[in-house]
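Taking it in order: structure first as structure tokens, then the write-up.
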Amino acid sequence: MPESFRTLLDKDFADRRLIIVTNREPYIHKKTATGVKVDTPAGGVTAALDDVLKTTGGVWIAWGNGTADREVVNKQSEVEVPPDSPSYSLKRVWLTPSDVDNYYHGYSNRLLWPLSHIAMERVFFRKRFWHAYRRVNRLFADSVLEVIKGESDDLLWVHDYHLCLVPRLIREQLPDITISHFWHIPWPDWSVFRVCPQARELVEGLLGSDLLGFQIPLFVRNFMDCVRELLPEAEIDHHRQRIIYNGQTTELRAYPISIDFDKFDKEASKKTINRTIASLKRQYNIEGQFIGIGVDRLEYTKALIKRLQAIELFFEKYKRFLGRFTFVQIVTATRMKEPYLSYKKAVEDIVEKINKKYRRDHWKPVLYIEKKLSFHELVSFYRMADVGIVSSIYDGMNLVAKEFIASQVDCKGVLILSELAGAAEELDGAVLINPYDVEGFAEQIYRALRMPPDERRQRMESLRALIREKDIYRWITDVLSDMVDISGFKNKKCTYLKDVQAVLNEKVGDRKVFMFLDFDGTLTPIVETPEKAVLSEQMRDTLKRLSEVVPVAVISGRGLDDLRERVAVDGIYYAGNHGAEIYDGENVIISRETELERQRMKELIKRLKDSLGDIDGVILEDKGITTSVHFRRVKVKELSRLVRIFKDIIRDYSETFRVTTGKKVFEIRPLSAWNKGEALQWILQRYGDGRIPIYLGDDVTDEDAFKVVQGRGISIGVGLNCRVDYYLKDYKEVREFLEEVIRWLRR
Ligand code: GDG
């Protein structure tokens with residue numbers, strides 16, 4: 001675990017507990033001939049969450065399905081883990097065989113799993129599945145309630161499709177607790193989800209959460225569409241990705257899950273790996289071959305049959321690879337009930353068919369290994385492969401794709417990835433395929449095998465840089481920090497601003513005020529693209545009259561000139577570029593250091609232009625104080641060169657500028673440039689004359705300003721009902737509010 005991550009955990013969890021709820025448990029106690037044995041965390045995600053709890057302490061609640069699980073727990077069904085150095089409690093939920101059949105194999109795996117993966121033919125439903133699902137979710141919720149009693153700062157993190165109802169069940173008992181739910185698989189669109197007989201109950205269950213996490217933005221959008229159809233009474237804010245239902249606000253976010261990059265990278269770099277690779281090749285008789293690899297649970301959504309059909313077609317089309325290429329398919333059998341038993345049979349049949357058709361002497365085209373590999377063996381297979389194949393018909397993320405990348409330490413392998421897997425959203429540099437287009441798939445295998453070494457290296461280097469940065473610890477940090485933030489803001493209650501006159505009388509009284517207003521979303525409605533935002537004539541008129549009775553400043557992320565043009569009201573203050581540039585009616589004031597940094601920025605832009613000039617598609621947007629480097633149009637094979645050059649140059653400026661990465665854009669901004677809060681403070685000190693600030697804003701970038709206002713003025717969120725003293729619903733209410741202020745000041 002990285003040190004920075006440990007520090008964050010120490011800080012945020014010093015006086016609160018983290019409670020994790022999952023279907024599967026991190027430690028399984030099993031009876032063996034020699035006594036009770038403990039199986040340690042299997043998957044990467046479980047291992048990383050286990051790492052977190054080992055550091056923070058807390059409780060993990062899960063189904064106890066080990067044969068000796070009951071033997072080792074106390075009266076509360078808890079056991080301290082890990083067994084060798086206990087640091088947190090594992091609390092087990094007990095299920096009957098009928099629960100397992102109906103809740104797990106039934107509702108979860110025969111309805112929700114295929115439905116979410118749009119495998120409609122496989123969707124199967126019985127009423128008893130639902131009854132058991134409700135019962136078991138209630139058991140999990142009761143278990144949580146035994147752990148958290150009454151008011152508490154604890155954070156509750158529930159996982160996956162087995163436990164949709166838990167958030168609402170907990171919320172009903174503990175209105176103030178902070179709950180997050182992460183949905184690991186795809187969320188389908190409404191035309192698919194409507195098939196679910198309990199669609200409404202499931203969505204209502206999840207909306208008991210404060211924070212709902214999905215793998216990619218598409219699933220967030222799909223979820224919002226389903227809520228719109230199912231719960232017409234819910235307020236949905238698409239721009240801020242927030243839903244208010246039954247008085248509960250739920251924030252929706254995409255957090256693409258990842259892997260422990262360093263762990264794979266280190267294992268793949270070990271000296272012993274070459275020996276293991278050589279011995280595996282000898283054992284399986286694949287020496288001197290081009291090697292393709294697939295690692296999957298025996299699972300129809302991973303499209304093993306389509307993949308094997310593509311392999312068959314590949315050999316049919318490109319005969320010169322007969323005897324020279326072996327596809328190694330590693331499978332682990334899970335959920336061994338129908339329809340998985342039939343699927344297993346179908347996969348084995350097609351493997352046999354291909355091998356029968358093309359087998360020669362000692363060579364066979366498909367090597368099928370049904371075995372749970374050790375970590376060392378798994379990494380050895382990833383590293384020896386020339387191509388890694390992931391062909392899912394739909395997938396939340398797909399960690400195998402990322403593991404293959406992290407194990408490719410010598411950058412010679414190519415990742416072939418289904419464009420329908422969540423991972424395809426991030427993994428620029430993979431060769432994308434559509435698993436339904438078997439012919440195109442076969443051609444891409446050929447392309448990957450023929451790809452020149454330079455291109456392979458470039459693609460793999462940029463993929464590795466991405467996963468190294470966005471690893472599993474970054475994923476956990478992102479979710480936990482948002483939970484900590486939400487919990488902090490929740491504890492500070494805020495109210496809907498209804499009686500403006502009463503609030504002003506109470507909070508301002510005889511004192512004088514200074515109005516600060518954000519622009520987009522506060523004075524204008526939110527529109528598709530920033531260019532389309534227009535201030536209405538009515539609002540302009542209100543602002544003019546307001547500025548006659550009180551000093552007004554408009555503070556925005558837009559460039560200063562753009563902002564002034566759009567507002568076009570004289571006699572008010574303007575702050576652009578998130579507060580880095582201020583116009584006081586006569587002069588433009590720039591945060592002092594920023595002026596000095598202008599020269600550095602010019603020099604930096606020149607260096608970037610000179611060095612990146614020959615890469616097609618790079619766009620440098622010079623915004624004066626800040627600069628953006630857009631690379632959306634840059635070819636994949638050029639990306640790693642671009643990133644390398646950019647990072648080399650920017651390193652020389654690390655004491656002056658900060659770089660943030662957006663979607664295919666680097667934003668460069670002086671370290672010392674003012675934010676909205678600092679701009680507000682500067683204006684208030686200079687021109688405020690002891691006035692009380694009232695700040696209205698709608699966005700995360702307004703939070704710096706809200707913080708400055710806290711305790712000395714009034715913070716008002718537009719569409720935000722947390723993080724502020726009061727909230728208004730939308731920009732229309734902002735105008736009514738400003739009219740009230742004018743009336744109050746003229747009273
Ligand atoms: C769900 C979502 C999402 C497999 N065989 C062996 C082995 N494995 C490990 C792999 C990998 C894991 O199993 C499979 O991960 P996936 O991401 O492909 O898939 P799901 O189980 O379907 O998980 C998925 C994930 O949740 C996380 O949110 O990415 O989209 O469907 O880690 O390495 N590991 C070892 N030996 C094997 O033989 N050691």
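Note that the structure is predicted; figures quoted are calculated from it, not measured. First listed ligand is number 1; within each ligand, the first listed atom is number 1.
Under the 30°/60° scheme for interplanar angles, the aromatic rings of Trp190 and Phe193 are found to be tilted. Between Phe375 and Phe264, the ring-plane angle classifies as perpendicular under the 30° and 60° cut-offs.
At a 4.0 Å heavy-atom cut-off, ligand 1 touches Leu373 through backbone and side chain alike. At a 4.0 Å heavy-atom cut-off, ligand 1 touches Trp113 through the side chain alone. At a 4.0 Å heavy-atom cut-off, ligand 1 touches Thr332 through the side chain alone. Residue-level proximity to ligand 1 for Val295 is carried by the side chain, the only part with a heavy atom below 4.0 angstrom. Counting heavy atoms under 4.0 Å from ligand 1, residue Glu403 touches it through the side chain alone.
A salt bridge links Lys270 with Glu267: the closest approach of a Lys/Arg side-chain nitrogen to an acidic carboxylate oxygen falls below 4.0 angstrom. Taking the charged nitrogens against the carboxylate oxygens, Lys337 and Asp101 do have a contact shorter than 4.0 Å, which makes a salt bridge.
Side chains of Tyr473 and Asp262: no donor on one and acceptor on the other come within 3.5 Å. Side-chain N/O atoms of Gln215 and Trp187 include no donor and acceptor closer than 3.5 Å.
Between the OH atom of Tyr284 and the NZ atom of Lys364 there is a distance of 10.0 Å, given to the nearest 0.5 Å.
Residue Lys302 holds the heavy atom nearest to atom 19 (O) of ligand 1 of all those in Met397, His117, Lys302.
In summary, the aromatic rings of Tyr340 and Tyr300 are positioned with their centroids under 6.0 Å apart.
Those atoms of ligand 1 with a heavy atom of Lys372 less than 4.0 angstrom away are 7 (C), 34 (N), 35 (C), 36 (N), 38 (O). Listed by number with element, the atoms of ligand 1 under 4.0 Å from a non-hydrogen atom of Lys371 are 38 (O). Close contacts of ligand 1 with Arg297, meaning ligand atoms under 4.0 Å from a residue heavy atom, involve 20 (P), 21 (O), 22 (O). The Gly396 neighbourhood of ligand 1 comprises atoms 30 (O), with distances under 4.0 Å to a heavy atom of that residue.
Residue contacts with ligand 1: Glu299 is excluded, as none of its non-hydrogen atoms falls under 4.0 Å. Look at Glu377 and you'll find every heavy atom at least 4.0 Å from all atoms of ligand 1.
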